[in-house]
Amino acid sequence: TQLSHNPTGSQGQFPITQNVTVVEGGTANMTCRVDYNDNTSLQWSNPAQQTLFFGDKKALRDHRIELVRASWQELTIRISDVSLSDEGQYTCSLFTMPVKTTKAYLTVLGIPGRPEITGFTKPAMEEDVITLTCTTSGSKPAANIRWFRNDKEVQGTKELNATGKSFTVRSSLQFEVDKRDDGVAYTCSVEHESLSKPYMTTEVLEVHYAPHLEITHSLIIPQEGQYFKLECVSIGNPPPEPVLWSKDGGELPDIERMIVEGRELTITTLNKTDNGTYRCEASNHLGTSSAEYILYVYDPNALGHHGPDHALIGGVVAVVVFITLCLIIVFGRYLARHKGTYLTHEAKGAEDAPDADTAIINAEGNHVHAEEKKEYFI
């Protein structure tokens, strides 16, 4: 850091340096400058106060340290293959009277080792309690460890141990194993400022558990003559084998129509004799499971099966009848209204008529055709 500025000489002039951060194994350039110098030498010293370079003269025999530039205004050196032991406070000195010095700190980042996960037992048994531990060594400062169960982060317990200038970091997960953990990927991620992206390692957990069975069927309403399939769907690890089929507590009665292929039971042509309780059973080394299905075969000609069709037809007929009645009522009201009007006109004509013929003529309001009306009553 420049504390004063004196353009006329070097009495108030201090060297200018900068702190440097480098990754372990990398290269560090240490630069010292002065704005004004009246032929006075610059010198770099290491944290042990050993002189590295005095001007362009190398003082310490270390092949990793080289001269980059030496002049009255600048002294730059390069340290290759930097190790953690190189970290510390370096001194640049300007040999005036008195000597003026400036400090520069070299920070060396320790790269963490790739993580390792221990504690996996393959396979794990359901309800076992296991502890997974992720370990990384050599980081400086201490690395950060994160755990992921598939893509979701979970919290572990962290532990730090110093090994010289670097750290060994451990993080542990403890949990009771469930069948839902079977096939789950547990990932340990190591983050550190020396890394452009995290180091990751993944282990997939295998869990053995007792089987569980269910029966699925191919038809909602099985009918006589149809092709029918039952499947015994099983979960379990290891997969439960073999699957055994039975009917009403005994063997399948008709092996020609009842075909078993692996987990499937197929009845080629259903009839009433197939009614009953079908059972599938399977085992692995952790246990046995079974499932049942009650089959009832319907008669395709039974009324109950066609109920929905009759209901539909009945509904249509009811709508048609309702519309017809509405039309009849409307048409009847129309006729009644016009018929009333005709009688009213006829009665009005008869009030002033001396006889029936005259009444008809007056009602029609047409005297020209009076003779035709008379002929109608002859």
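What you see is a predicted model, and the numbers here were worked out from it, not measured in a lab.
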Original post:
Is the shortest heavy-atom distance from the side chain of Val177 to the side chain of Phe175 under 4.5 Å?
Top reply: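 Yes, at least one pair of side-chain atoms sits under 4.5 Å.
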Original post:
In Å, rounded to the nearest 0.5 Å, how long is the span from CD of Glu231 to CG of Leu213?
Top reply: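 So the CD of Glu231 and the CG of Leu213 are separated by 11.5 Å.
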**OP:** Using atom types as modelled and distance alone, determine if a side-chain donor or acceptor of His208 lies under 3.5 Å from a backbone N or O of Asp182.
**Re:**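 No, the answer is negative, given that no donor and acceptor are paired below the 3.5 Å cut-off.
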**OP:** Measure the CZ-OH distance between Phe148 and Tyr186 for me, rounded to the nearest 0.5 Å.
**Re:**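 One gets 14.0 Å once the value is rounded to the nearest 0.5 Å.
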**OP:** Show the numbers, then the answer: is there a side chain to side chain contact (heavy atoms under 4.5 Å, CB included) between Arg33 and Gln73?
**Re:** CA-CA 5 Å; Arg33 291 189 179 89; Gln73 280 77 38; 6.0 Å; no
Original post:
Minimum heavy-atom separation for Cys134 to Ile145, with atom names?
Top reply: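 Residues Cys134 and Ile145, closest heavy atoms: O-CD1, 3.7 Å.
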Original post:
Which pair of non-hydrogen atoms, one from Leu173 and one from Gln155, has the smallest distance, and what is that distance?
Top reply: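 Scanning both residues completely, I find the closest heavy atoms to be CD2-O, 3.1 Å.
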Original post:
Any Lys/Arg nitrogen of Lys140 or Glu24 sitting under 4.0 Å from an Asp/Glu carboxylate oxygen of the other?
Top reply: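 So Lys140 does not pair with Glu24 through a salt bridge.
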Original post:
What are the two closest non-hydrogen atoms of Pro15 and Leu94, and how far apart are they?
Top reply: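 So the two residues come closest at CG-CB, 3.8 Å.
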Original post:
Taking the side chain from Asp299 and the backbone from Asn301, do they hold a donor-acceptor pair closer than 3.5 Å?
Top reply: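 Yes; at least one donor-acceptor contact below 3.5 Å.
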**OP:** Mark yes or no for whether Glu87, through its side chain, and Val108, through its backbone, hold a donor-acceptor pair below 3.5 Å.
**Re:**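 Yes; judged by distance alone, with no hydrogens or angles, the pair exists.
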Original post:
Quick check: does any side chain N or O of Asn19 sit under 3.5 Å from a backbone N or O of Tyr105, one acting as donor and the other as acceptor?
Top reply: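 Side chain of Asn19 to backbone of Tyr105: a pair is present.
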Original post:
Looking only at heavy atoms, what is the nearest atom pair of Ser41 and Trp72, with distance?
Top reply: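 Result for this residue pair: N-CZ3, 4.4 Å.
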Original post:
Cluster partners of Ile329, using ILVMFWY side-chain heavy atoms under 4.5 angstrom, listed by chain and number?
Top reply: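 Traced through the cluster, Ile329 reaches no other member.
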Original post:
So which heavy atom on Cys32 is nearest to which on Trp44, and how close?
Top reply: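 Answer, listing the atom of Cys32 first, then Trp44: CB-CZ2, 3.7 Å.
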Subject >> Any donor-acceptor pair under 3.5 Å from Asp128 side chain to Ile130 backbone >> reply: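 Such a contact is absent between Asp128 side chain and Ile130 backbone.
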**OP:** Could you tell me whether a side-chain N or O of Arg257 sits under 3.5 Å from a main-chain N or O of Thr269, the two making a donor and an acceptor?
**Re:**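 Yes, the answer is positive, given that a donor and an acceptor are paired below the 3.5 Å cut-off.
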**OP:** Indicate yes or no for a side-chain donor-acceptor contact from Thr51 to the backbone of Phe53 under 3.5 Å, with no hydrogens or angles considered.
**Re:**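 Pair absent, no side-chain N/O of Thr51 close to backbone of Phe53.
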Subject >> Interatomic spacing from OG1 in Thr216 to NZ in Lys229 - rounded to 0.5 Å >> reply: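 Rounded to the nearest 0.5 Å, the OG1-NZ separation comes to 9.5 Å.
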Subject >> Distance-only side-chain donor-acceptor flag, Ser45 / Gln43, under 3.5 Å >> reply: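 Distance-only check passes for Ser45 and Gln43.
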Original post:
Does Asn284 use its side chain to pair, donor to acceptor, with the backbone of Pro238 at less than 3.5 Å?
Top reply: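 Yes.
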Original post:
With no hydrogens and no angle check, is any side-chain donor or acceptor of Lys58 less than 3.5 Å from a backbone partner on Ile65?
Top reply: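 Judged by distance alone, yes, a pair lies under 3.5 Å.
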Subject >> Minimal non-hydrogen separation, Thr40 against Phe95, with atom names >> reply: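 The answer is CG2-O, 2.8 Å.
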Original post:
Taking ILVMFWY side chains as joined if any heavy atoms are under 4.5 angstrom apart, and letting links pass through other members, which residues group with Val233?
Top reply: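 None; Val233 is a cluster of one.
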Original post:
Do Arg170 and Thr133 get their side chains close enough for a donor-acceptor pair, meaning under 3.5 Å?
Top reply: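 No - no donor-acceptor pair under 3.5 Å links their side chains.
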Subject >> Heavy-atom donor-acceptor pair, Thr136 side chain to Gly113 backbone, under 3.5 Å >> reply: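 Answer holds: yes.
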Original post:
Which ILVMFWY residues can you reach from Leu252 by hopping between side chains whose heavy atoms are under 4.5 Å apart?
Top reply: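 Joined to Leu252, directly or through intermediates: Ile215, Leu219, Phe228, Leu230, Val243, Trp245, Met258, Val260, Leu265, Ile267, Leu270, Tyr278, Tyr293, Leu295, Val297.
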Subject >> Any side-chain heavy-atom pair of Pro112 and Ser194 under 4.5 Å >> reply: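 Side-chain contact under 4.5 Å: yes.
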